[in-house]
There are 2 protein chains.
Amino acid sequence: MKHVTIKDIAKELSVAVSTVSRAFNDKYDIKPETRDRILKKAAEMGYRPNPIARKLVQQRSFNIGIIIPEFENSFFPQVIMGAQEILYQHNYQVLIMQSNESVDLEVRNAKTLVDNMVDGLIISLSGVGNNISYYKELIGKKMPLVFFNRVPENIEASKVVFDDYKWAFFATEHLIHQGFEDILFISGADELILSKNRQRGYDDAHKKHRIPTGKKITCGFSMQDGVQIAENLISKNNIPRAILAANDACAIGMIRVFKDSGFKIPEDIAIVGFSETKMAAHISPTLTSVEQPTYEIGKAAAQLLLEQLQNKGIHIPQTIVLNGRLNVRESSVVLS
Amino acid sequence: MKHVTIKDIAKELSVAVSTVSRAFNDKYDIKPETRDRILKKAAEMGYRPNPIARKLVQQRSFNIGIIIPEFENSFFPQVIMGAQEILYQHNYQVLIMQSNESVDLEVRNAKTLVDNMVDGLIISLSGVGNNISYYKELIGKKMPLVFFNRVPENIEASKVVFDDYKWAFFATEHLIHQGFEDILFISGADELILSKNRQRGYDDAHKKHRIPTGKKITCGFSMQDGVQIAENLISKNNIPRAILAANDACAIGMIRVFKDSGFKIPEDIAIVGFSETKMAAHISPTLTSVEQPTYEIGKAAAQLLLEQLQNKGIHIPQTIVLNGRLNVRESSVVLS
DNA sequence: ATTATTTTCGGAAACGTTTCTGAAAACGTT
DNA sequence: AACGTTTTCAGAAACGTTTCCGAAAATAAT
C-alpha cells in the first residue's frame, strides 16, 4: 500500500512541498499556472492527500461521529441517513458506532471517536451513568456535541427531541376516546427525559378526562422486552384493556405473545406503538403508532452541529422539538 | 480540546520521549520500575495516546472498515453486529459506512476508509461497475479485503456467501409441492452472483419436477421495488400463481399491493420471501421466508479478514458458503 | 533607474507518535 | 583491574501534511 505523497510531486516538479500544499488549498498565494501544473501532475501520479497527516497538523478531521444505542430498529438508521445527507453537503464524513445498549461501550466509542479527532459528535444515549460526566467534560472542552432522541437531562447541550409529551397525550387520549379506561403504560428506561415526558402526557390525558391512570411498567426498546412483559402479564393474569407501548418493536412483541395465547387484538386488548416502524402497516393487526420524523431528527441534529462547528464552540445550547403524527390503524380501534 | 502528550510526560519525569513510548509498548527494553513510574504518571495526567500520530508512523490503524449498501433492512445491521463481536475481541475498531445503493458512493466510501488507513475492509456491493477495478487494485496492493453477501464474480478474493442456489431450489420446490406451476421469479440485480445462483436453483427445481419455468423479473431489494412490480403486474393483468421474491422487503411490498387490490394471499397468490427479516413472522399473512444466518455471516467475514491481517496479505482466497433454513408460514401454504 | 510594493515561492518548524542508532551504565567474567 | 556483555536509556529521524517566516522575483511607483 505505497502511496504517492506531496513530496513525490514536489520532487518531480522541483518545487517546494509547501508550494504543492498551497496548490491544493487555494487560500494561499500561488500563481495560477504553477497551481495548474501541480494539480495536473498530481492527478497524473494518482495522488490522494493523506487525511491522517492533515489531521495531525490541523487538529481536525472533517469527520463527524454518530453514536447510537442499537441497530435493530430502523429508527436509528433512518436518523443517520438524515444526518448524513446534511453533513455530506458540507464535506463532512460520517463515522457510525453503535453501543449495543451499553453505557460503557458508549463512552468507549465516544473516546475512540474523540481520539480520532472527530470534529463533532451526535449521540443518542444507551442509558444514564458515568457517560454523563464525560460528556460534560467534552462540552467543557468546547467539543461540538448534540444529543438526539435519548437525551440526558441535566446537561447544557443542544438537543433534538420528539414532542413525546404531546404525542403520548394524544395517543392516550385516542385510547380513551375508544372507551378504554384501564390503559397500561409501558415506559422506556426511567432515567430518560423521553420517558418522563411521555409519562406526563399519559397522566395529563387521564387527568383531562377524569380517569384514574393505569399501571406503568418499565421496559427496554426491543421486541424481546415486549415479549417478556406480555408473558409476565399473562402469567399473573393481569390483562389490561389497552396498552401504550414504548415503541413498535415492543408492541409487536407483545402482540405476538397475546395472539399466541388466544387474545384478540384489539377486541380483547388494544395497543398503540411508538416510532412508526415500517412494520406497523404490515403486521396483523396493523399497528396504530405515533410516527416520528426520523429523517428530520437526523437533519436537525446535523444542522445544530454545523452551527457549533462554525461558531467554534461559542453557541447557545438549543433544544429543537419536532412534531409527529398518530397513525390510527386496526390495533386500537373497535367498531361498536 | 488540548491533550496531554507523550512529551508532557517526558518533561514531567525528565526522561526521553522514546522512553515514554517504550513504557507503553513493552516490546522494547525498559526497566520495570521506570515503566511503572511512567505509566503511573501518565494515568495521573490523564494521558490518552493519540491514534492519529500512531497511524501516521505505523501506517496502520487497528480500524476495520465495513461498507454496506443500505440500512433499511435489518439484514446488514445484524451482519455488522456479528463482525463487530469478533473484531472487538481482537482489539479492532469498526468503522461503518453505507453507500445508499450507489456504486459511486461505495468507492468514495472505500477510498475514504483507505485514506484513513483502515487495516482491512469488509464489503457488500451496491452494484457492479467501476468499483470492481478499484477493488482489484486494492487486492493487488495486498489490502486485506473480504466480500460478503453481495459479492463480485470475477475477482480473486475471500468471500462469505449464503447458499443461494440450494435455498432458492428448496423454496421453489416448496412452492411446487404446494401444487403451484406458474411461479414468478423476482431476481435481484442481474450482475450479482447471488442472483445467478438463485436463478439456477429456481431453474433446477423446475427441471427436477419437469415443469416449465415461469417468468423472471429483475428488481431491487427495497419494499418500494416490490410495490412497483406488483402494481405493474396488476395493471397488465399478469398475475402469477406464486412468487419467489428477492427478499422479504420486496415480498412485503408486493403483498400490500395485492391485498389492497383484493387478492388473497396465499389463496390467489402464494409468496415466499428471502432473508427472514423480523417482520416475516408478524405480517399478515405471516411470510414464508428463507432464513439466512446473519450473525454468522458477519462472524465468518471477520474471521477471514483476521486471517489475512495475520498473514500480511499472503493468503489463499477462500469462499465460505453458509447454510440456511426455510421457515414455512401462511403466505405459501394452501390447505386443500 | 531607483525604490517601494506586491506576488510567488522555498525552507523549516510543527503535529504526536514509533523506531533506529548508538552511548552510558550496570553487570559479569577472567 | 581490565575487559566484554547486557541492560537501559537518550537523541534524532521519520510518517505526510500545513503553516509561519522570510527571501526572491515580478511589478508598480517615483
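Because only heavy atoms are used, hydrogens play no part in the values below, and waters and symmetry mates are left out as well, while side chains stay in. Chain A is the first sequence line, chain B the second, and so forth, proteins listed ahead of strands; every chain is numbered from 1.
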How about [X] and [Y]: does a side-chain donor come under 3.5 Å of a side-chain acceptor?
X        : Y        : answer
B:Thr294 : B:Gln78  : yes
A:Glu106 : A:Tyr135 : yes
B:Asn311 : B:Gln308 : no

Mind checking [X] for me? I need base, sugar-phosphate or nothing, with any heavy atom below 4.0 Å counting as a touch.
X       : answer
B:Pro49 : sugar-phosphate
B:Arg48 : sugar-phosphate
A:Asp29 : base

At under 4.0 Å, does any side-chain N or O of [X] touch on OP1 or OP2 of [N]?
X       : N      : answer
A:Gln59 : C:dA14 : no
A:Asn50 : D:dC15 : no
A:Lys7  : D:dC15 : yes
B:Thr19 : D:dA10 : yes
A:Ser18 : D:dT18 : no

| Nearest to side-chain heavy atoms of A:Arg54, which nucleotide of D:dC9, D:dT17, C:dT17 |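 For A:Arg54, the side-chain atoms sit closest to D:dT17.
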
| message | Checking contacts here: which listed nucleotide (C:dG16, C:dT18, D:dC15) is nearest the side-chain heavy atoms of B:Ser21? | response |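 Closest of the options to the side chain of B:Ser21: C:dT18.
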
| message | Please compare B:Arg35 and A:Val57 by the position of their nearest nucleotide in DNA chain D and report the one closer to 5'. | response |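 Its nearest nucleotide being more 5', the pick is B:Arg35.
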
| request: Find which nucleotide of DNA chain D each of B:Arg37 and B:Val17 is nearest to by heavy atoms, and output the residue with the more 5' nucleotide. | output: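 This one resolves to B:Arg37.
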
| said: Check A:Arg150 with A:Glu101, please: is the shortest side-chain N to carboxylate O separation under 4.0 Å? | reply: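 Yes, this pair counts.
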
| With a 4.0 Å cut-off, would you call A:Lys141 and A:Glu137 a salt bridge? |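 Yes, this pair counts.
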
| C:dT30: pairing nucleotide in any strand, Watson-Crick or G-U under 3.5 angstrom |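 Pairing partner, where one exists within any strand: D:dA1.
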
Roughly how many Å is it from [atom1] in [X] to [atom2] in [N], rounded to a whole number?
X        : N      : atom1 : atom2 : answer
A:Asn116 : C:dG16 : CG    : P     : 15 Å
A:Ile52  : D:dT18 : CD1   : P     : 14 Å
A:Ile6   : C:dC9  : CD1   : P     : 15 Å
A:Lys31  : C:dT8  : NZ    : C1'   : 7 Å
B:Lys55  : D:dT17 : NZ    : C1'   : 15 Å
A:Phe62  : D:dT17 : CZ    : P     : 16 Å
A:Asn25  : D:dG16 : CG    : C1'   : 13 Å
A:Ile38  : C:dG10 : CD1   : C1'   : 12 Å

| query | Given the side-chain rings of A:Phe221 and A:Phe75, with only the six-membered ring counted for Trp, is the space between their centroids under 6.0 Å? | reply |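 Between A:Phe75 and A:Phe221, which both carry aromatic rings, the centre distance is not below 6.0 Å.
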
| Taking for each residue the nucleotide of DNA chain C with the nearest heavy atom, is it B:Tyr47 or A:Ser14 whose nucleotide lies nearer the 5' end? |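 It is A:Ser14, whose closest nucleotide lies nearer the 5' terminus.
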
| request: Please evaluate the base of C:dG10 for a donor-acceptor partner in the side chain of A:Arg22 within a cut-off of under 3.5 Å? | output: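 Yes, the side chain and the base share a sub-3.5 Å donor-acceptor pair.
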
